[in-house]
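Quick caveat, the model's predicted, so the values are computed rather than measured. In what follows, chains carry the letters A, B, and so on, assigned in the order in which the sequence lines appear, proteins first and then strands, with residues in each chain numbered from 1.
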Amino acid sequence: MAPASRGFDVSAVLDDRVRRLQRDLEAVGQAIDAIPEGLRTRLAGAPGNEIAKKLQAIEAGLSVPLRDHGIHPADAWARAHTREIEVSALLEEAHALVAGAALRTPAPGLHPRHGPGAGQAAWDACGVADALLDELASRATDAHWPSFTVPGVTESFVYSSRLIQVRFPRPTIWDLPATAHELGHYAARTMSEFSGGRIRNLADDLHVELDAADEASWPWLEELFADAFAAWVIGPAYGLTCITLGFDPLLANIGTASHPPGSARVRAITMALDATKDDRLRWMANEAAKLWDRLVEVCEAEQEPEDDLVVPDSWPEKIVQLLIDHLPYGRYSTFTEAERLSSDLGAPGADTSLADAANAAWLARIGARSGIGVEEVGHLAETTAQEIAARGK
Amino acid sequence: MVTTVLKLRMEALAQHLREAQDPSIWLGSLQLSPMPDKNLWFKAVEAIQREADSLLADLEADLESPTDDAEKLWKDYFRIYERSHEIFRESLELLGGLALRDRIHEEYACRFADELISECAEFVGKPTSFAIPATEDALSSTLRRVARISFPDWHLWALPLVAHEYGQVVVRETASFDRFVDELASQASKPVLDENYNDLKSALPAIANSGLRRIAHDQIAQAELEPRTAADKMESLALMLRADEADIGERAQKAARSIKASLDSATNQARVLVADVFATYTAGPAYACAALMLRLNPNSPPVPGRPTDEERAETILAVLAQMDAATPNPPPPFAKVGQSLQSSWTLLLDGSGRHDPPGQVHLDAAHALSMIKKRMLRDQAEFTKADWIEAESLGNAWWIKINAGQKPDVSANVLPNIDHLRLRDVLNAAWQCRLLVIEQAQPEDASNATDKVTDAARQLCDRILASRQALLAPAEFGGRAPRPGEASAG
């Protein structure tokens with residue numbers, strides 16, 4: 001005999017939706033298990049912990065109250081909606097991780113070379129980017145970077161999985177320094193100090209000190225920190241990548257909701273280079289700033305809107321001071337090696353780092369060796385970078 | 001150096017476009033097994049290649065341009081750069097989705113989705129396509145001709161939503177539907193368009209040159225008559241007035257931007273709603289259930305270019321009611337499932353607090369349905385009363401078994417003849433059974449009962465697919481398998 005119908009009530013529908021959220025999270029776990037082991041081990045426990053936390057929150061905040069009839073349907077719906085938004089953000093990250101891992105998994109000819117580099121080993125941009133970020137993180141962050149890079153439309157950092165995306169379709173040696181900026185976002189969230197009986201996040205303290213904790217200014221300060229961090233740890237290569245290939249000079253004075261104006265970012269970069277106290281880096285910083293000013297001038301960049309948030313001078317100053325005080329070991333200090341390598345890009349030394357290779361490539365490109373084409377410089381530098389990255393494996 | 005920087009950026013972008021221009025190179029290196037059907041793949045990436053070609057040509061023209069106008073060249077560069085990002089995004093989603101589909105162990109949802117798409121393609125007489133996993137909130141594709149299946153819930157219950165995805169492809173590719181979408185968008189945008197025209201008309205008397213004034217007047221009148229080209233008309237009016245009437249030129253420029261934004265948003269909304277009509281009509285109550293029970297959220301925040309979920313639910317339910325109304329003999333077949341869905345949706349709406357943002361596209365479901373039937377669909381497209389009666393009966397039989405603590409048996413012993421079944425029939429049977437689970441099972445039993453329905457439906461879908469795909473090339477997916485009535489199984 002059929003049981004009495006409970007009817008089509010809202011709690012039954014909610015039950016069903018809550019189960020869907022749980023199933024989604026379990027499926028994410030299974031999908032992450034499908035990532036090739038070599039990459040999956042880099043992730044450590046981060047995604048698993050996120051999934052477990054969300055499952056616990058759904059169980060305690062929704063499943064149990066719904067089962068015990070201890071929650072008003074409107075409240076339950078509001079909670080379910082909030083959880084759906086959180087879960088959907090997690091799904092998006094998981095998709096980027098899993099699809100990205102599948103896409104980057106090296107296969108012969110995955111990134112076919114054209115032109116001068118044709119016929120050489122395939123350029124494994126994501127593998128080299130991982131090695132570069134490991135190298136920078138080992139000098140400049142409090143914690144090992146527990147993730148990997150995947151191809152993305154543009155460089156970006158995903159907070160919960162620590163995933164860093166590199167530019168699709170074929171990130172070149174010129175694009176790689178931009179990943180240092182993304183690592184800066186990770187560094188900001190992990191840079192801490194034990195004082196007063198507790199661990200404080202230094203970037204958070206800076207937000208408070210500079211009165212930049214509100215919705216509008218928080219992302220700007222975070223971006224400026226990542227810019228200064230990148231210049232501090234990888235040297236002039238980052239500024240040259242941004243100015244030459246990245247920032248929009250037409251919008252030099254106009255910020256967006258997420259990013260401060262390009263000119264403010266250039267200031268943070270050049271101040272960080274200045275702070276290295278290395279005359280050659282200071283000279284590079286000065287040249288980069290002059291180049292940016294000329295670009296802005298010829299483009300007749302739009303003026304800053306009157307009601308826009310303005311970046312106070314104190315922000316880059318304080319950010320750079322934070323780097324000097326807390327990441328002295330992270331400073332890029334081997335520019336001499338980059339200069340040496342720039343005159344013979346195919347001859348890395350035993351101690352040549354990937355940061356050196358990136359700087360050497362830029363030095364060669366801007367004229368240290370005139371007569372050699374940009375494409376050829378790029379391929380030579382990529383081959384060298386790949387060789388250096390392979391040493392760490 | 002300043003000019004060199006621009007040149008370098010253009011060259012780098014050109015190189016990236018050349019790399020993205022032919023996603024087939026990447027496809028080959030992904031080493032998929034099986035590969036997508038070759039024809040379908042070329043069809044899927046055709047628009048990506050065309051767009052990349054066109055951008056590359058623009059870029060090369062700029063690189064060879066003798067102009068010294070740095071501001072113009074930089075603006076051109078960033079315009080091409082932004083459009084290139086769209087290509088990169090679409091290529092990345094396509095390749096990442098294919099790689100993901102390939103790497104997931106025992107992946108079945110995409111295989112089933114391919115078959116559903118193939119069924120839908122047959123209804124409209126258009127080439128079929130294939131499915132890739134993508135995130136639910138991913139932006140709609142305008143370039144690649146591939147349906148998305150939501151990651152990671154690529155389970156059986158979300159499958160009917162694929163009919164909507166394919167519906168969007170069909171709407172874009174069918175001229176009469178594109179026009180219909182334009183009409184809907186123009187209606188929805190009329191207040192915004194009128195406000196802009198009135199603003200400009202009020203400024204016309206200030207134009208000193210009478211000839212210029214008359215031309216401006218004519219341009220506005222033409223824009224009113226032809227909303228599709230209204231933004232372009234305002235753009236050219238702005239250019240014309242820029243030299244002598246800078247202030248009014250600026251207002252025309254602002255009007256062009258506002259009109260374009262409003263029409264683009266309304267067009268996207270209309271496409272979604274028309275695709276809902278298509279999906280409900282062809283996939284039947286299974287689509288309505290999947291959309292209302294799993295996907296749509298009452299009181300979700302408005303997203304530009306998307307209709308509200310309330311509007312979509314209303315459209316889907318209205319189409320079910322229209323399908324009932326068009327059935328010659330009573331009782332109306334979809335009334336019961338429609339009422340169940342309506343009552344659950346109303347409960348959710350009441351519980352969440354309603355809102356009705358302005359400027360939304362409202363679709364006359366009856367009109368949209370008659371348009372679809374007349375201009376686009378072939379016989380057998382409609383999910384009919386007979387189809388639903390059979391699905392309902394299968395679903396009820398499953399529920400009786402589950403309620404008795406057993407598993408539904410869909411083996412050849414119990415269901416020997418499945419030649420007449422399509423995947424949409426199985427999904428409708430599954431949803432019918434799941435509604436009974438939601439309505440009648442005790443809460444503690446619901447999860448286990450749902451799993452049993454899933455298993456039964458999946459097994460039956462596998463049987464149907466196995467019988468059809470035996471005739472397909474085993475190394476490819478997405479090909480056209482024989483339909484019921486065309487060939488017997490195996």
Side-chain angles (χ1 to χ4, degrees), chain A residues 2-3 5-10 12-13 15-17 19-20 23-24 27-28 30-31 34 67 73-74 76-78 81 84 88 91-92 94-95 98-100 102-103 105 107-110 112 114 151-154 167-170 172 174 243-245 248-250 291 294-295 298-300 374, chain B residues 1-2 5 8-9 11-12 15-16 19-20 25-26 28-31 70-71 74-75 78 85 88-89 91-92 95-97 99-100 102-105 133-137 151-153 155 293-294 297-300 340 343-344 347-348 351-353 403 435 438-443 446-447 450:
Chain A
S5 169
R6 292 195 299 125
F8 210 88
D9 61 28
V10 75
V13 175
D15 275 344
D16 209 49
R17 288 227 174 185
R19 274 199 298 278
R20 181 198 171 200
R23 268 200 315 272
D24 278 354
V28 167
Q30 286 160 11
R67 207 161 42 230
W77 180 255
H81 189 59
E84 274 183 1
S88 117
L91 298 187
E92 207 168 314
H95 180 266
V98 180
L103 192 55
T105 302
L110 180 60
H114 302 292
V153 173
T154 186
R167 192 175 294 262
F168 177 86
R170 184 185 183 278
T172 62
W174 315 115
I243 293 169
T244 313
L245 298 175
D248 181 351
L250 289 166
L291 173 59
R294 288 208 299 280
L295 289 174
V298 298
C299 286
E300 298 177 22
V374 168
Chain B
M1 183 65 181
V2 170
V5 168
L8 287 174
R9 285 201 189 190
E11 282 169 353
Q15 183 59 34
H16 276 186
E19 302 255 2
I25 296 174
W26 292 73
S29 63
L30 284 180
Q31 299 181 322
E71 188 187 351
W74 276 98
K75 278 186 175 158
F78 276 102
H85 267 213
F88 302 150
R89 179 179 74 78
S91 298
L92 193 58
L95 293 162
L100 188 53
D102 185 71
R103 308 295 198 265
I104 295 289
H105 185 54
T135 48
E136 193 176 314
D137 293 329
F151 169 86
D153 63 347
H155 50 64
M293 307 284 288
L294 295 182
N297 292 310
N299 207 7
S300 52
S340 289
S343 68
S344 76
L347 282 167
L348 293 180
S352 65
N403 198 30
L435 290 182
I438 296 172
E439 283 180 7
Q440 298 188 26
Q442 293 307 309
S447 181
T450 305

Q) Between atom CG of A:D248 and atom CZ of B:F78, what is the distance when rounded to the nearest 0.5 Å? A) 3.5 Å

Q: Looking only at non-hydrogen atoms, find the nearest pair between B:M293 and A:R17 and report the distance.
A: O-NE, 3.0 Å

Q | Nearest heavy atoms of A:L103 and B:A99, plus distance in Å | A | N-CB, 4.0 Å

